[in-house]
Every structure is written in C-alpha cells, then in structure tokens.
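Contents: one structure, followed by commentary.
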Amino acid sequence: MELPAPAEDILNELGLNPVISAAGTTTAYGGSRLRPEVMDAMNRASNTMVNIDALNAAAGKVLAQYSGAEAGLVTSGAAGGLVLQAAAVIAGTDPIKMNKLPDTDGMKNEIIIHRSHRFPYDQCYLSVGAKFVEIGDGRRCNEWELEGAFTENTAAAAYLFSPFITRRSIPFPRFCEISHANGIPVIVDAASYIPPRSNLKQYIAQGADLVIYSGGKGVRGPQGTGILCGKADLIEAAYANASPHQFIGRGLKVSKEEIIGLVKALEIFVNEDEDAENERYKRMCSKVVDALVEIPGLSVKVVHDRYDYLIPMAQIGFTDEWNGVSRDTIWEELANSDPVIYLGNIGGPDELLVDPFNLTDSELEVVIERLHNKLVG
Ligand SMILES: *Cc1c(COP(=O)(O)O)cnc(C)c1O
C-alpha cells in the first residue's frame, strides 16, 4: 500500500516535529502508520453506541476466522494480551481466583519458559502473579529439560516468536506435543511476527492454545490493539478477566473504536497481495544498497528470511575493514539529527538496518542521503 504522508502541523502545535522511523514497528517511535480506511471506520464507530460484550463476541469471530482458531479477542496491544493469557491459564473463569489476582497462592501459577525467551515483555505474565520455571541454558534447550519442568503447579508453557531469538529454541511443534502430552496449554507471543501473513494461522495449526499478535504493528491497525486467538475455553477465560469486567484486566480497556478499527485492519491486511508488498520493499531496499554498496568496509545487502528479517530490509554490515565512525555513533547521530532518523538496531552488533515498513518514498530518499553523508563523511 502507498503510505499516507505525515501531517507535520499536528505535531508542530505541540512544538514537535515528525521523526522518520526506519526501525520497523517500534512502539517508541510511533508504531506503524494506521490505514486510512481504519481511521474512517473508527470515526464512524465513535458515535455509535453498542453492547461491548456483543461487539467483542462478533469481533472475536472475525479474529478466529482469520487465524484458524476456535475463538478470538481484541486486546489492549499484544502486551495486554500477555496479561490476559496468564490470567486465563492461572485463574480461568473462577471468580474467586480471578478476584485474588495477582495473589496466586494456592493456584497453579507456574509458567515454563525458555531462558532464551526471557524478554522485557514477560513482566506482563509476572504482573498476574505467575512464576517462571526456566528451561535451557540461554543459548539452547533440550527436550528433556521441558519434560523435566512440569510440576503439579504448572499453568502453561510459554513460547516466544521474535527476531533473533526463536531459531535456537525447541522446535515449536515438538514444544506443543510435549506440553500437551503433559496436559499443559501452550501460550504464544508472536507480537511482531506478522507479516508474513501465513504466520497468522501457523502456530494455531501447529498446536498453540493461545497466540497473541500485535494489532498496531504489522497489521497497521489501531496502535493500542492486539489479536488474541486460540481455544474457546481459554478465550472465554481471557475475556472474563478483561475489561469491561472488573477483574485484573480492567485496566486494559479496548474501546469500541479500537475493536472495530482492528477488525477492519485485519480484513484488509489478510487480503493484501504480499508478493507485491515485498517487491515494493525490495525495490526500496535496493536503492539503499545501490547508494552505499561501494563504500569500503561495509557489506550492504537486502536481507529477508523466515526468522529474523520478516520483510525485505537493507542490512548495513560493518566489516573488520571498516575504519570509519562506529556503528553506534552513526545510529546516535542520526537519531539526534534534523529530521530525526531511527535506524533498526536490534539485529547483530555489527549491523544497522533500514526497515522500509514505515517509510514513504520521500522519507527513504532522506534516509539514504543522510546515511550516505554519515558513512562517507
Ligand atoms: C511489540 C511486542 C510486544 C508488545 O506489543 P504491543 O502491541 O505494542 O503491546 C510484545 N511482545 C513482543 C515480542 C513484541 O515484539
């Protein structure tokens, strides 16, 4: 899709200027550009009163349809969905337990997690009162370590799909088989793992019991939304703990506008031509490569795979022959320039990324020009 141009004046009123985000869907830089059709749907929803239980049920059916799951729920971001995953597996629909959270004394409250899958968002699980049982040594994990981790207090086994993390884990289908053989549900965080669109059905098909995706990242839906899908009984439990119900998830309200906006965004997202989209990204990244490839000491190429670079990105590798300013300095200086430019830096320590996801063509030109000046300057 062609991205709408930024509206500077709306930030200027606050004394701010837009930034250029070549760092993917990073929340701290604005997330993603919302689809105009979604904004229009939210605008119309905003003056329409509706029963929220009925709206959530209807929206959940759409999420279920597109994920291949039994049921779905719109959540307050993927992070809010993680809170509800934990509440669902620990308290279920038992109001006595739900009311006690985050005090989980006397409840099955252990969540098994790869040590390598510990990440800042996992505090969302802990906030419900979950206790982690870590497996693996941080770099790799054997199946027997998972086998040995189940106890009478196990509530779930958690799995993270995230760039630069997932490849070293117990393969997901085996993780599900082993957990299910022990009678334990598998809860998944795949917040930033769509596109590719096929991932929207993949984990449910492989056995996941609950999966969360961000609605405000790759789907270009409302920034504050998430897509929770999975088994009907667990979705029912997640919703029982969620707003508008007055339990631990009440602080994670999702508005009617956001629910309707996410449904609209998802409908458009799943029907888009992914090959054409990737061709566009590839063309954009090739421009970066063409502009920088001759610079000595750099290795610049387009990267795209199933694990780490989920859409085509331009990778700027700093080789041993590079003797210019450091990679970190370049990132810092661009982040403090006018206009502010954020490059992707979550990959290897010797690379920077230009992620085209949130770039208009004219923003890309600015990124290329500034980057070229820094690298040859
Ligand atoms: C971005 C992200 C989240 C949070 O998603 P939000 O929709 O911003 O709440 C959670 N987990 C992972 C792995 C993420 O990348």
task = List, by chain and then residue number, the residues other than Met98 in its hydrophobic cluster (Ile/Leu/Val/Met/Phe/Trp/Tyr, side-chain heavy atoms under 4.5 Å); write none if there are no others.
result = Phe247
request  = Measure the spacing between CG of Leu310 and OH of Tyr193 and express it to the nearest 0.5 Å.
outcome  = 5.5 Å
inquiry  = If the threshold is 4.0 Å, N to carboxylate O, is there a salt bridge linking Glu363 and Arg33?
reply    = yes
Polar side-chain atom of Thr329 near backbone of Val325 as donor-acceptor pair, under 3.5 Å = no
key: Contact check, side chains of Leu334 and Lys374, non-hydrogen atoms, under 4.5 Å   = yes
key: Audit row: Arg327, Glu351, salt bridge (Lys or Arg N to Asp or Glu O under 4.0 Å) steps and yes/no   = CA-CA 7 Å; Arg327 169 245 196 210; Glu351 71 176 43; over 6 Å; no
key: Between Glu236 and Thr93: side-chain donor-acceptor atoms closer than 3.5 Å   = no
inquiry  = So that I can tick it off, tell me whether Arg280 and Glu277 are bridged by a salt bridge, with the cut-off set at under 4.0 angstrom between side-chain N and carboxylate O.
reply    = no
ask   = Between Arg167 and Asp308, is the closest basic N to carboxylate O distance under 4.0 Å?
value = yes
key: Under 3.5 Å: donor-acceptor pair, side chain of Gln315, backbone of Val302   = no
ask   = Under the ring-ring contact (aromatic ring centres under 6.0 Å, His included) test, which residues partner Phe119, sequence neighbours left out?
value = Tyr121
task = Verify whether one side chain among Asn109 and Asn153 offers a donor that lies under 3.5 Å from an acceptor in the other.
result = no
key: Under-4.0 Å salt bridge between Glu37 and Lys264   = no
Whether over 12 other heavy atoms sit under 6.0 Å from Arg250 CZ = yes
inquiry  = Between Arg370 and Glu365, does any NZ, NE, NH1 or NH2 come within less than 4.0 Å of an OD or OE carboxylate oxygen?
reply    = no
key: N-O pairing of Arg197 and Glu274 below 4.0 Å   = yes
ask   = Out of Leu364, Val288, Ile311, Leu3, which one pairs with Pro356 under the side chain to side chain contact (heavy atoms under 4.5 Å, CB included) rule?
value = Ile311
request  = If the plane angle is over 60° it's perpendicular, under 30° parallel, otherwise tilted; pick one for His114 and His117.
outcome  = parallel
